[in-house]
Structure formats: C-alpha cells, structure tokens
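These values consider heavy atoms only, across backbone and side chains, with no hydrogens, waters or symmetry-generated copies. Every number for a ligand or one of its atoms is a count from 1 in the order of the listing.
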Amino acid sequence: MITPATNTTPEVSILKQYIGGKWVDGSSSREIISTNPADNRQILAKLTGADKTDVLRAIDAASKAFPAWKATTPPARGRILMKAALLLRERKEELARLMTLEQGKILPEALGEMEKGITLIEWFAGEGLRLGGITQPSELAKNLLYTTRHPRGIVSIITPWNFPFAIPAWKIAPALIAGNCVIFKPASLVPALAVALVKVFEDAGLPPGVLNLVLGSGSAMGDILVEEPRIKAVSFTGSNEIGKRIHTICGARGIPVVCEMGGKNPAVIWEDADLELALGGVIKGAFGSTGQRCTATSRLILHVAIADKFLKMLLTEVAKIKVGNGMDTATGMGPAVDESQLKTNLDYIEIGKKEGAKLLCGGNRLTKDEYAHGWFVEPTIFDGVNPKSRLWQEEVFGPVLAVARADDFDKAIELANDSPFGLTCAFYSRDLTLAMRFTQEVEAGMVHLNSPTIGGEAQVPFGGVKGSGVGEREMAKEGLHFFTEQKTVFLDYTGSRRASNLY
Ligand code: NAD
C-alpha cells in the first residue's frame with residue numbers, strides 16, 4: 001500500500017478496489033488520481049475507478065459473507081475490531097502523514113483525526129460485549145419481555161473527503177460490530193487513505209466479503225449503492241444536495257438511512273465572556289482544517305459591547321496564522337482540498353463583497369512562491385453580514401467567517417437560529433442562566449459552552465437538526481443501533497393453557 005514517510009516526494013502508489021477479500025482493478029474507464037493539494041504537481045496515487053459492475057460484485061461478495069459474519073458472536077467481532085485499532089495505533093503517524101499529503105490538513109490535525117478514529121473503533125469494539133437488548137416486567141405473571149438486536153444485512157457507507165479517516169471509522173466500526181457486511185464508498189479525492197484503512201481491517205483478520213471498498217465517482221455508481229434491493233440500510237455523510245437525493249431514494253424504498261450533511265455553525269460571544277478563551281475557540285473553529293469541517297464556526301455573533309474589541313483581537317491573531325503546506329510545523333492552516341473547493345471559497349468571497357459585507361481581512365488566493373502549485377486561500381473575515389444574505393445562509397466549507405452583532409439575548413438567538421442548518425454552535429459567557437437559556441433555545445444538535453463549535457466524542461451522539469441531518473444520530477449507542485434491527489420477545493413460562501395475552 002502507500003507509505004509516504006516524509007514530505008519528500010513519495011512514490012506514486014497504484015491502488016486497487018477491495019472486493020470479496022481481493023485487491024482488484026475497477027471496471028470503469030475513468031482513472032482516479034490523488035494529488036497533494038499543497039503541491040498539485042505531486043501525484044500520490046492512481047487507480048482505475050469502480051463502476052456499477054464492481055458495486056454489484058461487492059454486493060455479491062457481501063451476500064456470500066453475511067451468514068457467517070452474522071453467526072460470529074459480537075465479542076468475537078469485537079476482538080477483530082480491537083486488533084484493527086491496535087494496528088492503527090502502530091500505523092498512526094504514517095497514516096496521519098498520508099492524510100496531510102492527500103487531504104491537506106496540517107499534521108497535528110491529522111494526528112488528532114487519527115486518534116479520534118482509533119478511539120471510535122476501540123469504543124465500538126467494546127460494544128461487542130454489550131450488544132444486548134432490554135428486559136422489562138410484563139403485565140402478566142410468569143411472562144418475560146425482552147428485546148434482542150440483529151444486523152440489518154448489507155449496508156452502504158458513503159463518506160466525504162474532509163475527515164477521510166474518522167468518518168469512515170465511525171460508520172464502519174458500528175456496522176461491523178452489529179454483524180453487517182459493508183459496501184464502503186469513500187470520496188474519490190482521498191482514495192489512498194481509504195485503501196489504508198481497509199487494509200488494516202484485512203490485516204486484523206476480517207473475513208473476505210465482510211468489508212468491501214469501491215472507489216469511484218458518485219455519479220458512476222451512486223444510485224446502485226442505494227437502490228440495489230440487497231442494500232438494507234445506507235449511512236451517508238456529505239453535502240445536502242446528495243444527502244437529500246439519497247434520503248428520497250431510501251424513503252421510497254422504505255429502508256433506514258442516516259444523512260449527516262452541512263453546517264453553518266454560529267459562535268456567540270457574550271459581553272461577559274472570557275475574551276481570550278473565546279478568541280482561541282473562534283480561531284480553531286473558523287480556520288482549523290481550513291474551515292473544511294461540517295462543525296466549523298462560520299458565523300460569529302458578537303455582543304455589541306465587546307464587538308469592536310473582540311474583532312481587533314481576532315484580526316491580530318488571524319494575521320499570525322501561517323498558511324502553507326501542512327507538513328511544515330510552522331503552518332497553521334493548510335490548503336483547500338482541491339481546485340473546486342478553492343473556487344467555491346473565492347466565489348463566496350465575491351458574493352460577500354457584492355452583498356455589501358465589510359471585508360476585514362483575507363479574501364485572496366495565494367499564488368506566489370511556495371503557494372504557486374497549491375490551492376491556498378487567506379483566512380477571511382466579513383463584518384456587518386446581513387442575516388438574509390447568502391454569506392450568512394449558505395455553507396462555504398472554507399476559511400470564511402461571517403460576523404454580525406446583537407444587543408440583547410433574544411436577538412443573538414434569532415441570529416443563531418436564522419439558518420437552514422442546525423449542526424452545532426458555541427456560546428461564550430460566564431452567566432450560567434444565559435448559558436442554560438442558550439442550550440434550550442438554540443436550534444442545533446450539539447451545543448458547546450465556552451468551547452469551540454468543533455469536536456465530538458465516541459461515547460455521545462453526534463449529529464444535527466434541520467438541514468444538517470436526518471435519521472439516527474451517529475457515534476455512541478445511537479450510531480450502533482442504526483445498524484441493528486430489534487426483536488421484541490414475549491416469553492410465557494406459565495405452562496398453562498389459559499389465554500395469557502390481555503390485549
Ligand atoms: P458530497 O456530497 O459531494 O460527497 C459525499 C460522498 O457522496 C462522496 O463519497 C461522493 O462520491 C458521494 N456521492 C456523490 N454523488 C453521489 C450519488 N449520486 N449517490 C451516492 N453517493 C454519491 O460531499 P463532499 O464534498 O465529499 O463533503 C463535503 C460536505 O460534507 C459538506 O457539505 C460538509 O458539511 C458535509 N459533511 C458533513 C458532516 C456531518 O457529520 N454533518 C461531516 C463531514 C462533512
């Protein structure tokens with residue numbers, strides 16, 4: 001597989017699809033080329049893309065593998081996952097470097113993502129010992145009511161490019177521990193990392209056909225991943241456009257689906273906030289991972305009493321962010337993932353200007369010297385953004401922060417909730433009463449008090465409301481339960497012939 005160990009030019013890896021336990025070429029005529037977004041002359045990996053034929057082959061392989069995998073006890077499945085987690089700990093630095101090369105995020109962020117993904121796999125591995133149902137007292141004497149959980153069958157897992165390791169990990173691990181067989185379709189911008197992850201599961205002893213990897217364009221094989229009758233559930237993370245389409249198809253088929261989609265997350269800084277703390281949170285939330293997080297802070301709501309002071313502090317701090325190659329230890333913000341995302345960022349910067357927002361900093365593509373061959377853009381802040389404008393309402397998915405001001409709490413909540421999205425948010429204040437009001441009134445799936453909008457932990461649910469997500473939450477028990485069917489068992493041990501059912 002691909003093992004670039006330094007930031008010197010690695011060899012080009014020739015990647016394969018993983019179907020039925022074998023590494024094979026895809027059947028499409030399209031070549032997928034993985035390049036370094038910090039230096040697009042550097043080709044990291046190539047492969048022949050998969051198409052519908054390959055997806056069908058993968059579903060055949062999964063169908064063959066399913067009975068034995070279903071019959072494998074959950075603790076035994078958990079031991080394979082734990083082995084994968086151990087191998088990943090050994091390969092953590094190597095894979096983090098690969099992530100920085102392929103996706104562009106700075107190395108400390110890549111290491112953080114690796115740690116998060118490995119912890120998620122460990123957490124779900126442990127769930128193999130807890131994959132139980134519930135028991136409840138019955139209305140009837142000598143009757144026992146209990147539930148059991150079972151795999152759904154073959155499931156499709158479709159993932160984006162921005163968290164190329166953690167998102168696949170938080171979907172694949174619960175699907176496997178629950179006894180499902182998986183068709184994994186990652187984003188074609190990050191094939192090398194997807195291959196490396198699947199290779200770890202192979203090395204951990206996962207039986208052939210249980211996890212299958214199909215790498216290719218969504219349009220070449222998208223619908224079959226969702227429409228094929230043997231696919232029993234779909235877990236998707238990505239854009240609203242594709243998520244809504246997948247949700248509609250699954251709805252028509254009557255199969256369970258989870259779609260985690262976009263975000264436009266507000267951070268509210270109140271007049272009594274610890275401004276230094278808030279400053280660190282906003283910098284991390286807005287410009288960390290080049291703003292390419294569904295949980296990124298993209299709207300900043302400032303109490304009028306501290307707005308000017310806070311913006312001054314923010315501009316001083318943003319000026320210190322060194323944009324550059326994520327392999328360089330001095331770099332604070334890496335490139336956009338590709339030319340298309342860079343163009344989206346620049347388009348929204350133009351939209352912001354046309355809509356009359358005040359550009360406070362940034363706004364330009366960087367092209368000189370070390371930036372000449374990468375997709376670099378400056379960290380950008382707009383003040384005075386109209387809440388009805390596109391810059392306030394639409395997801396940019398880049399390092400572009402929109403600022404508005406509020407003079408009372410109701411106005412701050414109104415601004416925060418004025419969005420089609422509702423993934424996450426932050427509130428910085430020392431006032432517990434206001435903080436609790438915020439948690440009650442804000443429309444979001446996750447609330448951060450005195451901490452940035454970003455982040456999630458294996459043991460608590462992750463996901464959003466409104467346009468940010470439909471279906472079950474991910475991670476934690478909820479993430480596991482999505483991949484299971486339940487059975488309720490009514491056990492009558494009276495041994496008498498009287499009719500026992502009251503209803
Ligand atoms: P995308 O929707 O373009 O692609 C996501 C995945 O869907 C890719 O693997 C893609 O190849 C595949 N796909 C494309 N067309 C398809 C089709 N017709 N059928 C099936 N699959 C298809 O998203 P992206 O650009 O990779 O990722 C960025 C988006 O992801 C942003 O909107 C971001 O907010 C969102 N995101 C959300 C979360 C969350 O948890 N809410 C997390 C990360 C990213």
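Separation of atoms CG (L189) and CD (Q103) is listed at 9.0 Å; rounding is to 0.5 Å.
The shortest N or O to N or O distance between L225 and ligand 1 is not below 3.5 Å. The shortest N or O to N or O distance between K185 and ligand 1 is below 3.5 Å. Between S219 and ligand 1, no pair of N/O atoms sits closer than 3.5 Å. For the pair E395 and ligand 1, the shortest N or O to N or O distance falls below 3.5 Å.
A donor-acceptor pair under 3.5 Å is absent between the side-chain atoms of N180 and the main chain of I154, judged by distance alone. Between the side chain of S389 and the main chain of V385, no donor-acceptor pair closer than 3.5 Å is present. K105 contributes a side-chain N or O that, together with a main-chain N or O of N162, makes up a donor-acceptor pair within less than 3.5 Å.
At a heavy-atom distance under 4.0 Å, only backbone atoms of P186 (N, CA, C or O) approach ligand 1. At a heavy-atom cutoff of 4.0 Å, ligand 1 is contacted by the side chain of I167 but not by its backbone. Residue contacts with ligand 1, taken as heavy atom pairs separated by less than 4.0 Å, involve R245 solely via side-chain atoms from C-beta onward. Under 4.0 Å from ligand 1, not a single heavy atom of F163 appears. Looking at T237 against ligand 1, both its backbone and its side chain come within 4.0 Å, counting heavy atoms.
Residues F163 and W170 keep their aromatic ring centres 6.0 Å or farther apart. In this structure, F397 has its ring center under 6.0 Å from that of W161.
Taking 4.0 Å as the cut-off between side-chain N and carboxylate O, D60 and K64 do not count as a salt-bridged pair.
In this structure, the protein non-hydrogen atom closest to atom 12 (C) of ligand 1 is I158 CG2, 3.6 Å. Annotation: atom 28 (C) of ligand 1 to nearest protein heavy atom, F397 CE2, 3.6 Å. Looking from atom 17 (C) of ligand 1 to the surrounding protein, the closest heavy atom is G222 CA, 3.7 Å. Protein heavy atom at the shortest distance from atom 14 (C) of ligand 1 is G218 CA, 3.6 Å. Protein heavy atom nearest atom 25 (O) of ligand 1, with residue, atom name and distance: W161 NE1, 2.9 Å. Among protein heavy atoms, the minimum distance from atom 23 (O) of ligand 1 is reached at S239 N, 3.4 Å. In terms of protein heavy atoms, atom 9 (O) of ligand 1 is closest to T159 O, 2.7 Å.
Sparse packing is recorded around CZ of R245, with 12 or fewer heavy atoms of other residues, nucleotides or ligands lying under 6.0 Å away.
Under the 4.0 Å distance rule, the nearest protein heavy atom to atom 36 (N) of ligand 1 falls inside the cut-off.
Side chains of S27 and D54: a donor on one and an acceptor on the other come within 3.5 Å.
The two atoms that bring R77 and L131 nearest to each other are NH1-CD2, 4.2 Å, heavy atoms only.
Ring orientation note: the planes of Y371 and F376 are nearly perpendicular, at an angle over 60° on the 30°/60° scale.
For ligand 1 and F236, the ligand atoms under 4.0 Å from any heavy atom of the residue are 2 (O), 5 (C), 6 (C), 7 (O).
Heavy-atom proximity to atom 39 (C) of ligand 1, evaluated over C294, S340, S217, A194, is greatest for C294.
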